[in-house]
Amino acid sequence: MAIKLDKIFDSFSKKSIFKNKIVLQSNYTPETIPHRNEQIKQIAAILAPSLRLERPSNLFLYGKTGTGKTLLVQYIKKQLLERAKKQKVNLSIISINCKLKKVADTEYRILAELLRQLGEVVPATGLPSNQLYKRFVENIDKEKRLLILILDEIDEAVERIGDKLLYNFTRLNSELSRTQISIIGISNNLTFLDNIDPRVKSSLGEEEILFPPYNAIELRDILRERAKEAFKEKIDEGVIAKCAAFAAKGHGDARRALDLLRVAGELAERESKKIVSFEHIDKANEKIERDKILDFIATCPEHYKLVLQAIIQLAEKKEKFFTSEIYSVYRELCAKVKEEERTQRRVGDIIREFSMQGLADLRVISRGRYGRTDEIKLSIYPHIVVKAKEILKESFNL
DNA sequence: GTCAATTCACATGAAAGAGACCACGGTCTAGTG
DNA sequence: CTAGACCGTGGTCTCTTTCATGTGAATTGACGA
């Protein structure tokens with residue numbers, strides 16, 4: 001065993017094809033951000049007053065995933081803080097990602113996370129949230145300063161907990177005597193502002209900036225720049241183009257493109273190749289997809305697995321089927337495994353979740369006199385289904 | 001033949017409950033001087 | 001007298017159930033040509 005591992009470690013450490021892999025990770029902030037000059041200028045102009053301790057307008061950024069919103073805001077945050085330090089301006093910027101599960105996806109957790117970033121110790125649960133709110137207000141109002149609050153992916157949070165908290169935040173300035181606060185909201189959902197409290201909308205959207213998706217050419221520039229940093233050898237232009245094309249086919253998601261390149265690099269490395277080739281991109285694309293799905297399956301709760309098992313069983317017999325069919329197969333499975341069955345209402349939600357995760361295609365169809373139901377289709381590749389079945393089999397040791 | 005009403009079989013939404021986890025303050029114990 | 005163990009209360013969070021309401025087109029049946 002030891003010898004075997006040694007071998008693997010050797011081949012691994014001997015010749016990495018990466019010079020600096022971090023560059024390809026999504027949380028990396030590069031020196032330059034191509035094709036976003038317009039947005040940088042706008043945001044910088046809007047936030048500039050903060051350096052004179054004047055409250056900048058609230059700002060709302062929206063655009064699809066991987067269009068550089070978060071990246072850009074983090075970049076400007078860094079610059080602003082440096083500048084503020086130099087000019088001795090009491091400026092604080094805290095940013096949280098409202099989507100992070102178990103971190104900031106509820107009202108309590110958002111407040112707790114904010115407080116933590118302000119240096120307080122907050123228990124994970126147990127306190128009433130209005131107490132946290134009070135503590136938050138007290139904390140930021142301790143001394144005169146300007147606070148910029150970056151709420152990343154607020155659309156996710158509002159969907160879960162409503163716009164009450166957001167409303168409170170926008171009204172916060174009237175509660176504060178010393179500190180001024182402004183909010184930067186970031187949303188992936190383009191229509192997010194349309195269905196929230198109009199008071200919040202007008203306040204939060206004092207300034208709005210749209211991030212359009214990158215096209216293939218822009219993606220190529222981004223990739224080329226990062227690849228130069230990340231890899232030892234120069235990456236073939238064709239490979240980069242292919243990567244870009246893959247990502248552009250979606251909706252111009254730069255994060256995806258970078259992931260693709262990184263995983264392709266890892267694959268090439270594992271094969272002890274010096275350069276990344278076309279095939280690696282294809283394989284990487286597949287691997288990312290597969291890992292995502294299998295990981296979800298492996299970690300999802302028991303009854304999700306049972307429902308999925310039911311879907312897979314049905315999919316072996318026919319292509320499309322209805323909720324009720326899944327439910328009856330699911331009930332049989334529950335009986336077999338001696339699990340208490342969930343209601344159809346619940347199973348319907350689980351199936352919806354699967355479709356969100358890209359495991360199934362779900363379409364509401366009306367069969368006229370014969371009712372209305374969901375038509376479901378398994379939408380994972382056969383070779384992944386095989387793996388999925390293994391995982392499922394193992395997890396309820398049938 | 002046409003057209004609106006009916007009807008089916010769920011979807012979808014809202015609310016609320018169960019049970020796990022946790023903080024806090026009060027009370028009870030045991031150990032100390 | 002005091003530190004720590006132990007309780008009860010009240011809070012959040014996730015998963016789930018219950019109850020209520022919504023929905024789109026095939027079917028039905030009334031109606032007029």
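Every chain is numbered from 1, with letters handed out A, B, ... down the list of sequences.
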In whole angstroms, the gap separating P of dC10(B) from CD1 of I376(A) amounts to 10 Å

Distance criterion of 3.5 Å, no angle test: do you see the side chain of R369(A) paired donor-to-acceptor with the base of dG24(C)? no

Rounded to whole Å, CZ of R346(A) lies from P of dT14(C) at a distance of 12 Å

note: Y370(A), atom OH; dT23(C), atom C1'; distance rounded to Å ~ 18 Å

Phosphate OP1/OP2 of dT14(C): any R109(A) side-chain N/O under 4.0 Å | yes

Discussion item. It should be established whether T373(A) places a side-chain nitrogen or oxygen under 4.0 Å from OP1 or OP2 of nucleotide dA9(B).
Written reply: no

**Asked** If you look at every strand shown and take non-hydrogen atoms under 4.0 Å, does E107(A) touch a base, only sugar-phosphate, or nothing?
**Response** nothing

Are OP1 or OP2 of dG11(C) and a side-chain N or O of S129(A) less than 4.0 angstrom apart? no

Q) Between T323(A) and dA11(B), does any side-chain N or O lie under 4.0 Å from OP1 or OP2? A) yes

Whole-Å distance, E339(A) CD to dC15(C) C1', equals 14 Å

*Have Y327(A) and R331(A) got a donor and an acceptor in their side chains that come within less than 3.5 Å?*
no

Legend entry - Check: D152(A)/T70(A) side-chain N/O donor and acceptor closer than 3.5 Å: yes

Presence of S366(A) side-chain N/O under 4.0 Å of dA26(C) phosphate oxygens OP1/OP2: no

R342(A) atom CZ is separated from dT16(C) atom P, nearest whole Å, by 5 Å

Checking all strands, does D374(A) fall into the base, sugar-phosphate, or nothing category for heavy-atom contacts under 4.0 angstrom? sugar-phosphate

Taken to the nearest whole Å, CD/E159(A) to P/dT12(B) is 14 Å

Q.
Does dT23(C) have OP1 or OP2 under 4.0 Å away from a side-chain N or O of R372(A)?
A. no

Next item on the list: Kindly state whether the ring of F192(A) and the ring of F60(A) have centres lying under 6.0 angstrom apart.
Entry: yes

Whole-Å distance, R352(A) CZ to dG13(B) P, equals 7 Å

From the candidates dC10(B), dT12(C), dC22(B), the one with an atom nearest any side-chain atom of S324(A) is dC10(B)

Whole-Å distance, E325(A) CD to dC10(B) P, equals 9 Å

Discussion item. Could you check whether E341(A) and H303(A), counting side-chain N and O atoms only, form a donor-acceptor pair closer than 3.5 Å?
Written reply: no

Original post:
Using a cut-off of 4.0 Å on non-hydrogen atoms, how would the nucleic acid contact of E353(A) be classed: base, sugar-phosphate, or nothing?
Top reply: nothing

*Is the shortest side-chain N to carboxylate O distance from R178(A) to E143(A) below 4.0 Å?*
no

